[in-house]
Amino acid sequence: MVSRITTFAFDGIEARPVDVQVQLLGGQPHFSIVGLPDKTVAESRERVRAAFSSIGLALPPKRIIVNLAPADLPKEGSHYDLAIALALLVSINAIPSDALERMAAIGELSLDGHLQPTYGALPAAIGAEAIGLSLICPELSGAEAAWGGGNVIAIESLMAFINHCAGRLQLKPPEAGNTKALPPPPDLRDVKGQEGAKRALEIAAAGGHNLVFCGPPGSGKSMLATRLPGLLPDLSPKELLEISQIQSIAGLLERGELSRRRPYRAPHHSASMAALVDGGARARPGEVSLAHHGVLFLDELPEFPTQVLEALRQPLETGDAVISRANRHVRYPARFQLIGAMNPCRCGGGPAEGNCRKKPKCLQDYQGRLSGPFLDRIDLFCDVPPVTVADLNLPPPAEGTKEVAARVLKARRIQAERFAGMEHDTRAVNADLSSKQIEEVCVLDDASRKLLTDAAERFSLSARAYHRVLKLARTIADLDGERNIARHHLAEALTYRWRDPAVSSLLTA
C-alpha cells in the first residue's frame, strides 16, 4: 500500500503542491528519499528515524521508499519532515489510513519528535486553501498559517497528532497573530531647512517615484530618507498579503505578527549582489524583494559595486526579481521605491563647496560610477545643500509628517480613482503608468508640449526619460489637485530630471 499526503515546494512566494508517497517493500532494510531532494531533504530520514524512536515507535525492517512528486521539481528545505513522518505513521498503522485525507503538512522535526517553526507557513496555508486542503503545521507556526484563511491544525509534536487521531486529544484551530504594534515613524518636523529636498520627498511619496539625494556629508540626506515611510499610506490588504508571504519565505514573521507599515530596507554599501537581489544559493528573497511595496534606501550610492547597481535595472523596470539557477528560475515580486543618497564626489563637499582636492575630475570619476541606463530609471535628482548654523537655529517647521502625509494620501486617492477605469495590475501610482496609459492621462497643451520637446532635444532625453518626466509632472499636478498638466508642472518635473544650470534658461524662456 502507498500512503500519501500533500506538502509544498516554494517557487518564489507560490506554494506548489508536492505529493509525498511512502511505500514499504520487502528486502534489506533501507530508507531512501527520491524526487530531486537537496541535502536538507535527504537528511529528513535521520530526523524522522530519531523522532520515531523518541516516541516509542520503530521503523519496520523493510525497504522504505519516499517519493516526492513531481520528480523534476527541485525540493529544498527541512519542512518536508512532517509530511514524510505522517505518511510513514499511516504505513505502519500508527494512525488510521483516512487520517490524512484532504490534508497537507509542513514542518521540521526535532530529534525528540517535537516540531520546530518553519518558514513558508503563510504561503503554504494559502496554497492548501486554494486546492481545498487543511494544513497541518507546527504549533509555533500556527498563528502565521491562520492568516491564510483556511483550516489549520497546529501540533506541538508527532505524539500530539497521534493522540488527536485516536480521540485522546482535541486540537483547537490556532488564532491569527496580532497586527504588530510599531512606534511612530520619524517626523519630518525634525528636519530644519531643506525645503527643496522636502518638496522632492513629498512628490516621490505621492507618485511612488525613485529619488536620489546628492549633497555633502551632514546635509540630512539619510535623515530625509528615513522619513519617507511615514509619508506613505498604510498597506492595502492585497499588498499586506504579498509582503507577508515574502517575509514568511525569508523567515521574518515572528509569532505570526503582520505589520501594515510599508517595508524600509537599508542595506550597507558592502552588500553583495546575492544579498541585494537573488538571496544566495537557495534563492531566498533578497533586499529588493523584502522592500516590495516599500522603500529600498541605498546610502553612499556610488560605493555600491557596479554589478550590484546594474542588477537593480530589471527590478526597477519590471517590478520582479528573477533568480536564475542551473535547474530552476525563481521569481519574487520586487516593486519597490528606490531612494539613493550620495556625496557630490569622494572628497565629500564637491567642487562647489571648495572642499574637493581634485576638482572637477574627482566629481566626474565619482558620479561616473553610476551608469547612464541606471540613472535613466531615476525620476528625481535633488541637490541637498549644506545645513547652516542659521538653519539649525530656526524654530521647528510648521508642517511635519502628518500634514505632508495627508497631501500624499489625497494625491494617491486621485490616482486610485483614475486607475479604477483602466487595466492595471500593479499599484495605483503614477510611477507605474504604462506607455499607453501615459497617452491617456498625461495630455499636454501646446505650450507644455513645446517645452518638453525642446528639453528632450536639447538634453537628448531617452524615450524612458521622456516618459518619466511626464509621470512626474502628472504627480505634481495631482498634488495641486489639477485635472490637466500645466506648463509649470512640467517645468518643475524637468528641474528634478536635470541639474545642469543651462536648464534654467530654457524653463524661463
Side-chain angles (χ1 to χ4, degrees), residues 1-9 15-38 40-75 77-111 113-115 118 124 127-128 130-138 150-155 157-169 171:
M1 183 185 74
V2 176
S3 303
R4 297 173 182 266
I5 191 173
T6 299
T7 188
F8 296 97
R16 298 182 60 179
V18 172
D19 186 24
V20 180
Q21 308 163 5
V22 175
Q23 187 172 29
L24 306 183
L25 300 175
Q28 292 293 325
H30 184 66
F31 193 158
S32 62
I33 300 176
V34 298
L36 209 57
D38 73 344
T40 307
V41 181
E43 291 172 347
S44 289
R45 59 178 178 264
E46 303 304 330
R47 291 190 291 271
V48 170
R49 195 191 307 274
F52 272 44
S53 177
S54 296
I55 62 176
L57 295 175
L59 294 179
K62 294 184 178 181
R63 186 179 179 190
I64 302 172
I65 299 179
V66 177
N67 181 40
L68 307 177
D72 61 344
L73 178 66
K75 319 297 190 306
S78 59
H79 63 277
Y80 293 90
D81 291 3
L82 181 58
I84 294 172
L86 294 179
L88 262 173
L89 288 175
V90 170
S91 296
I92 64 175
N93 298 317
I95 59 176
S97 59
D98 60 352
L100 303 183
E101 287 185 3
R102 309 304 302 167
M103 291 286 185
I106 63 165
E108 177 186 339
L109 279 172
S110 296
L111 299 185
H114 284 74
L115 290 169
T118 185
I131 57 178
L133 301 180
S134 299
L135 180 70
I136 307 171
C137 70
N151 185 29
V152 177
I153 301 174
I155 60 176
S157 64
L158 281 181
M159 184 56 73
F161 188 73
I162 293 173
N163 290 333
H164 170 73
C165 294
R168 295 188 293 268
L169 178 65
L171 296 174

Problem - Residues Val152, Cys137; criterion side-chain contact (heavy atoms from CB on, under 4.5 Å); working and verdict - result: CA-CA 7 Å; Val152 177; Cys137 70; 3.8 Å; yes
Worked check of side-chain contact (heavy atoms from CB on, under 4.5 Å) between His164 and Ile95: CA-CA 10 Å; His164 170 73; Ile95 59 176; over 6 Å; no
Output for pair (Ile106 CD1, Thr6 OG1), nearest 0.5 Å, gives 12.5 Å
dist Leu36:CG -> Asp72:CG (nearest 0.5 Å) comes out at 8.0 Å
I'd like to know if the side chain of His79 and the backbone of Phe8 have a donor-acceptor N/O pair within less than 3.5 Å.
yes
Taking every heavy atom of Ala51 against every heavy atom of Leu158, the minimum-distance pair comes out as CB-CD1, 4.2 Å
### Query
Quick check: does any side chain N or O of Ser32 sit under 3.5 Å from a backbone N or O of Ile65, one acting as donor and the other as acceptor?
no
What one should report as the nearest heavy-atom pair of Ser44 and Ile33 is CB-CD1, 4.0 Å
Does the side-chain contact (heavy atoms from CB on, under 4.5 Å) test come out yes or no for Val90 and Ile5, once each step is laid out?
CA-CA 10 Å; Val90 170; Ile5 191 173; over 6 Å; no
Minimal heavy-atom distance between Ser78 and Glu108, with the atoms involved, is OG-OE1, 2.8 Å
One should read off an interatomic distance between Leu89 CG and Leu100 CG, to the nearest 0.5 angstrom, of 8.0 Å
When every non-hydrogen atom of Tyr80 is compared with those of Ala9, the smallest separation belongs to OH-CB, 3.3 Å
*Short question: side chain of Ser53, backbone of Arg49 - any donor-acceptor pair under 3.5 Å?*
no
To the nearest 0.5 Å, atom CZ of Arg102 lies from atom CD1 of Ile131 at 7.5 Å
Minimal heavy-atom distance between Pro138 and Leu115, with the atoms involved, is CB-CB, 3.8 Å
For a quick test of your reading: what N or O donor-acceptor pairs under 3.5 Å do the side chains of residues 15-24 make, sequence neighbours left out?
{"unit_1": "Asp19", "atom_1": "OD2", "unit_2": "Arg4", "atom_2": "NH1", "d": "2.5"}
{"unit_1": "Asp19", "atom_1": "OD2", "unit_2": "Gln21", "atom_2": "NE2", "d": "2.8"}
{"unit_1": "Gln21", "atom_1": "OE1", "unit_2": "Asn67", "atom_2": "ND2", "d": "3.1"}

Here the gap from Leu109 atom CG to Ile84 atom CD1, rounded to the nearest 0.5 Å, amounts to 9.0 Å
Applied to residues 80-93, the salt bridge (Lys or Arg N to Asp or Glu O under 4.0 Å) test, sequence neighbours excluded, yields Arg47-Asp81
Practice prompt. Please assess Phe52 against Ile92 for the test side-chain contact (heavy atoms from CB on, under 4.5 Å), listing each intermediate value before the final yes or no.
Written response: CA-CA 11 Å; Phe52 272 44; Ile92 64 175; 3.8 Å; yes
Quick note, side chain to side chain donor-acceptor pair (under 3.5 Å) partners involving residues 82-93, not counting sequence neighbours, are Ser3-Ser91
Output for pair (Ile155 CD1, Leu86 CG), nearest 0.5 Å, gives 6.0 Å
Scanning both residues in full, the closest heavy-atom pair of Ala99 with Cys165 reads CB-SG, 3.8 Å
